[in-house]
2 protein chains.
Amino acid sequence: MPYGCRVTNTSPAPRLRAAGLATRTAIEDAARTLFAERGFDGASVRAIAAEAGVDPALVIRHFGSKEALFLRTVDTSLGIGSVLDGPLETVGRRLVAYFLDPGRPVIRKRYVALAQAAHHDQVREEMVRHTAETYVAPLAPRLTGEHRELRVALAVGQLGGLLNLLFLQRDPIVTAADPEVVIATYGDAIQRLLTPEDT
Amino acid sequence: MPYGCRVTNTSPAPRLRAAGLATRTAIEDAARTLFAERGFDGASVRAIAAEAGVDPALVIRHFGSKEALFLRTVDTSLGIGSVLDGPLETVGRRLVAYFLDPGRPVIRKRYVALAQAAHHDQVREEMVRHTAETYVAPLAPRLTGEHRELRVALAVGQLGGLLNLLFLQRDPIVTAADPEVVIATYGDAIQRLLTPEDT
DNA sequence: GTCTATACGCGGATAGAC
DNA sequence: GTCTATCCGCGTATAGAC
């Protein structure tokens, strides 16, 4: 290179070169797979690195911690947003039906992974934040009566109780029950918190 | 010992001599304290051993595993049995009030420790078993209508959802709310599963 | 900037000597 | 019954090679 030739080849975006970006996405893909497959505790950083074909130290180097990697790759919304659209009077049953749908095994795995990781502070805070944003914010204004935000928050907790029973505890009484009965019974119990006057 | 002298000295209980029994109870006491104080994950076997003044290896040697020690020392019933006595028509509110009572901080800690350890299979199974024994067995026969066992199981799940919200997620909307409102609102939602005809 | 190699300090659990 | 020494796996950190 001749003296004085300023390297003006400034493309700052590709500054994250192909190599670094490829490893990042490889780690993210592996994390998504293994967290869903084995849960938060079951998927070790070393296993994720092996699945991605990289060194374990790179996982921490790129994402800071296992917890941060989890938060970046897991979808805390569980894809529930669209269910909240539609008539308010039947949202209780629709919420329960969404999670009981046997055609959605991914939802079950995501929930289990999330619940397992909830004892980490950042994960817990993200869940609380997302609940407020996804459920309370859009739903509370549509309610009538007192304590609207509280009632939505309690309804979300109620839904969590059912998921707990189904996916974590695997309570035989509930898992063996007719899904239609659970949807109707529990859905109406949730509904009662949201629209108590309709019952 | 003379030949033929059948050893009829059968006091099988004192077979656990004083020394061994003392360490056992010391470990159990330390485990109860630390599990309540720091939760299942936060209380290491080494810390429990130190608190008891014994060698860490003894903890495993006596109880088999940390999980088994936890199961032996924690009370999975959370002392709820007595609440189920009394009129069926108000049991929903009584259950919620029991856990919200600020004078019972131990209950909160026990629940957190239990929930944290629930991803261990034996703990999970014990919780399911105890739910069936403590809640479903005494309550279901008192119900009327269809799906009595299922409705009790769902009500227990519902209660778990509230505890999750309060103690694990520490949702600010719920924790900041007036306890009386939560007791009335959520208690009635639970009640509806148990005695739907009364609402 | 990206990656490799290595290591630290923790966890639960075990084998075998006293 | 008890303790010493040890194992293996975990999340994480760092020094230094490319």
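A, B, ... follow the sequence lines: proteins, then strands. Residue 1 opens every chain. None of the values given here were measured: they were computed from a predicted structure. All values below come from the heavy atoms of this structure, side chains included, with hydrogens, waters and symmetry mates left out.
Looking at heavy atoms from C-beta onward, B:Leu114 lies in side-chain contact with B:Leu78 at the 4.5 angstrom threshold. Contact check for B:Val136 versus A:Ile173: side-chain heavy atoms found under the 4.5 Å cut-off. The shortest side-chain heavy-atom distance between A:Val182 and A:Asp178 does not fall under the 4.5 Å cut-off.
Under 4.0 Å is where a charged nitrogen must lie from a carboxylate oxygen, and between A:Arg129 and A:Glu125 no such pair does.
Following rounding to the nearest Å, B:Phe63 (CZ) and C:dG12 (C1') show an atom-to-atom distance of 16 Å. What separates CZ of A:Phe70 from P of D:dC10 is a distance of 18 Å, to the nearest Å. Atom pair A:Leu69:CG and D:dG11:P shows a separation of 11 Å (rounding to whole Å applied). Going from atom NZ of B:Lys66 over to atom C1' of D:dC10 covers 13 Å, rounded to whole Å. Per the geometry, CD1 belonging to B:Ile60 stands 18 Å off P belonging to D:dC7, to the nearest Å. Computed from coordinates, the A:Gln122 CD to D:dG11 P distance equals 16 Å when rounded to whole Å. Counting to the nearest Å, the P atom of D:dG1 and the CG atom of B:Leu21 are 10 Å from each other. The separation between A:Phe35 atom CZ and D:dG11 atom C1' is 12 Å, rounded to whole Å.
Looking at A:Arg46, its side chain comes within 3.5 Å of the base of D:dG11 through a donor and an acceptor atom.
Both A:Gly53 and B:Ala43 lie close to DNA chain C; mapped to their nearest nucleotides by heavy-atom distance, the more 5′-ward contact belongs to A:Gly53.
Within 6.0 Å of atom CZ in A:Arg72, 12 or fewer heavy atoms from other residues, nucleotides or ligands are found, so the atom counts as exposed in its surroundings.
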inquiry  = If a pair means Watson-Crick or G-U wobble with both distances below 3.5 Å, what does DNA chain D look like in dot-bracket form, with | marking bases paired to a different strand?
reply    = ||||||||||||||||||

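Each of C:dG12, C:dA13, D:dG11 was ranked by its minimum atom distance to the side chain of B:Ser65; first place goes to C:dA13. Listed nucleotides C:dG12, D:dC3, D:dT2 differ in distance to B:Thr23; the shortest reach to its side chain belongs to D:dT2. Distance from the side chain of B:Ala57 is smallest for C:dT14 among the nucleotides C:dA5, C:dT14, D:dA13. Distances were taken from every side-chain heavy atom of B:Leu58 (C-beta onward) to each of D:dG11, D:dT2, C:dA13; the shortest belongs to D:dT2. Taking only side-chain atoms of B:Arg61, from C-beta outward, the nucleotide of D:dG11, D:dC3, C:dG12 with the closest atom is D:dC3. Closest contact between the side chain of A:His62 and the listed nucleotides C:dG16, D:dT12, C:dC3 involves C:dC3. For A:Asp55, the side-chain atoms get nearest to C:dA5 when compared with the rest of D:dC3, C:dA5, D:dG11.
A:Thr73 places a side-chain N or O within donor-acceptor distance of the main-chain N or O of A:Phe70, the cut-off being under 3.5 Å.
A centroid separation of less than 6.0 Å is found between the aromatic rings of A:Phe40 and A:His120.
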